[in-house]
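Any value given below was found using the heavy atoms of this structure, including those in side chains, with hydrogens, waters and symmetry copies removed.
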Amino acid sequence: MLEIGERAIGLTEIVTASAGSTQISLSPAALARVTASRAVVETYAEGNEPVYGLNTGLGGNLGYRLDPTSLAAFQVQMIRGRTIGVGPAFPETVARIQLLCRIIGLAQGGAGISLAVLEGMIAMFNRGVTPCIPGRGSIGAGDLGLAAHMAAVAIGRGEAWFEGRRWPGAEALAAAGLLPVTLGAKDGLGLLNTSAVTCGHATGVLADLADLLIFATATAALSLEGYAANPGIFDPRLAEARPAGGQVCAAAMFRQILAGSYLYDAPSRSIQDALSFRVLSQIYGPLLTAFDTAAEAVALEINAAADNPLVLAEDGVILSTANFHTPAIALAFDSLAIALCHLASASIQRTIKLMDARLSGLPKYLSPIGGASVGFNALQKTASYLHAEIRLKATPASLDSIPVSETVEDHAPNTPLTIRKLEEQLLPLRLLIAIEAMTAAQAVDLRGKPALSASTTILHAAIRARVPTLGEDREIGPDVDLIDGIAQNQALLASLRESFKGLSLNPLLSGA
């Protein structure tokens with residue numbers, strides 16, 4: 001059971017609860033907050049003071065005053081008229097996270113939601129009714145047009161997943177033994193005015209990226225062993241001499257991952273290796289910091305009362321806000337996407353240098369037969385393509401916006417797009433790292449299979465369980481796809497995570 005409302009809920013908890021059969025409930029403190037906030041809404045609903053979305057229209061219709069008898073009906077109209085999402089829906093696993101994110105936000109009390117409506121949302125989550133939410137239609141100034149698809153299911157419209165298939169919303173509720181909720185004043189806006197769709201998507205993407213970073217870090221360590229690189233570059237004294245963001249932690253991470261490696265026992269081949277090997281802690285430090293910044297921004301948003309207008313129960317007032325605006329998340333994800341480009345650039349350079357006999361001291365192109373053998377060389381073209389795609393997806397998306405709603409809404413951070421394009425980086429990045437992993441495993445084998453660290457031993461064994469050492473030229477594109485599958489194997493990732501305990505800057509990365 002996950003109790004909501006007593007404390008901030010972490011991203012790892014959200015992912016875990018959404019993926020399984022965890023039941024959720026409101027804490028006594030949350031019940032008190034929601035009840036108190038609702039009382040404020042009902043007081044305003046009986047008065048004459050204009051309150052945005054309670055007794056006025058929205059956006060360009062702000063000047064329109066609603067008749068007191070139409071307040072409840074307007075909430076349904078509000079949802080129907082703003083159900084504007086288009087394109088393929090988010091996966092059910094992501095939509096379930098998005099639903100939980102909105103429940104957590106409503107439990108803060110800022111929306112002034114009716115308790116019965118919030119309990120209806122909780123019942124949907126607990127019974128496994130998950131709204132189908134299209135993936136496109138939000139500009140990051142709140143997710144009204146996408147959250148409307150979530151709200152539509154609550155009132156018996158829209159579509160939902162239930163028991164493995166998509167149903168009309170009303171039928172899904174009925175099959176789960178639930179009834180549609182009845183909306184009162186401001187309830188529709190309470191369901192819509194949120195960034196929960198954005199935050200739920202972001203949470204899922206960060207969880208996937210965390211897995212990828214574990215694989216990428218272990219792969220980089222295997223490359224160091226394949227190259228017979230100098231591990232002295234991770235000396236803590238060097239990191240602490242210029243403790244740039246995350247660098248000390250990253251150097252410690254690589255020292256622990258390489259613990260027990262032959263690199264510490266054998267004389268180094270070179271005083272200074274190529275930068276792609278030497279600057280790993282300098283690249284990973286800012287990357288882990290950027291990851292942490294994004295995760296913290298998302299977690300803050302999920303656990304905040306970011307509603308507009310905001311009900312302040314203690315003061316008995318409802319005030320207009322702009323807290324639905326999410327540039328902090330947008331800028332964090334744009335920065336994280338750029339940081340991943342640096343990771344990709346170093347990865348492809350290590351791959352190329354492992355194939356260069358002059359630099360690695362190994363057979364040309366890592367081919368044991370030599371002569372006209374192409375070995376791994378042709379894969380450099382594939383890696384170059386993947387690197388270009390990763391760079392393309394790093395182009396910032398938060399830099400401009402189109403004024404909408406009679407130019408009242410004249411700024412938007414495009415947060416959902418910053419998240420989507422980072423998500424689209426993950427496949428080419430994972431494939432690029434898979435190429436490095438296959439190349440590094442071959443280099444280790446050609447170096448006579450020296451004693452590897454515990455982590456790289458696990459990774460090398462997983463690769464060799466699916467992909468044999470290259471003896472003669474063969475089709476190796478399919479081998480990369482096999483290693484991509486290995487990179488997503490949860491049992492392997494769980495084993496590798498043991499090397500990250502106590503080192504990562506973020507619980508999502510450590511599996512904590």
Are the side chain of [X] and the backbone of [Y] linked by a donor-acceptor contact shorter than 3.5 Å?
X: Arg33; Y: Ala107; answer: yes
X: Gln442; Y: Met438; answer: no
X: Asn414; Y: Asp400; answer: yes
X: Thr130; Y: Arg96; answer: no

- Task: Could you tell me whether the side chains of Asp143 and Thr198 share a donor-acceptor contact shorter than 3.5 Å?
- Result: yes
Is it the case that the side chains of Ser223 and Glu436 hold a donor-acceptor pair, with the cut-off being a distance below 3.5 Å and no angle test?
yes
Tested for side chain to side chain contact (heavy atoms under 4.5 Å, CB included) against Leu386, the lone hit among Leu427, Ile435, Leu429 is Ile435
Do Arg430's NZ or CZ and the ring of Phe215 fall within the cation-pi criteria of under 6.0 Å and 45°?
no
One should read off an interatomic distance between Ile352 CD1 and Asp356 CG, to the nearest 0.5 angstrom, of 9.5 Å
Provide the closest heavy-atom pair for [X] versus [Y] in the form atom of the first, atom of the second, distance.
X: Pro286; Y: Ser281; answer: CD-O, 4.3 Å
X: Pro134; Y: Leu146; answer: O-CD2, 3.4 Å
X: Ala412; Y: Ser401; answer: N-OG, 3.1 Å

Review point. Can you say whether the rings of Tyr227 and Phe277 are parallel (under 30°), tilted (30 to 60°) or perpendicular (over 60°)?
Key: parallel
Do the side chains of Asp307 and Asn323 get nearer than 4.5 Å, heavy atoms only? no
Between Glu225 and Arg447, is there a side-chain heavy-atom distance shorter than 4.5 Å? no
Q) Does the pair Lys353/Asp273 count as a salt bridge with the N-to-O cut at 4.0 Å? A) no
The complete set of salt bridge (charged side-chain N to carboxylate O under 4.0 Å, His left out) pairs with one or both residues in residues 18-30, sequence neighbours excluded, reads none
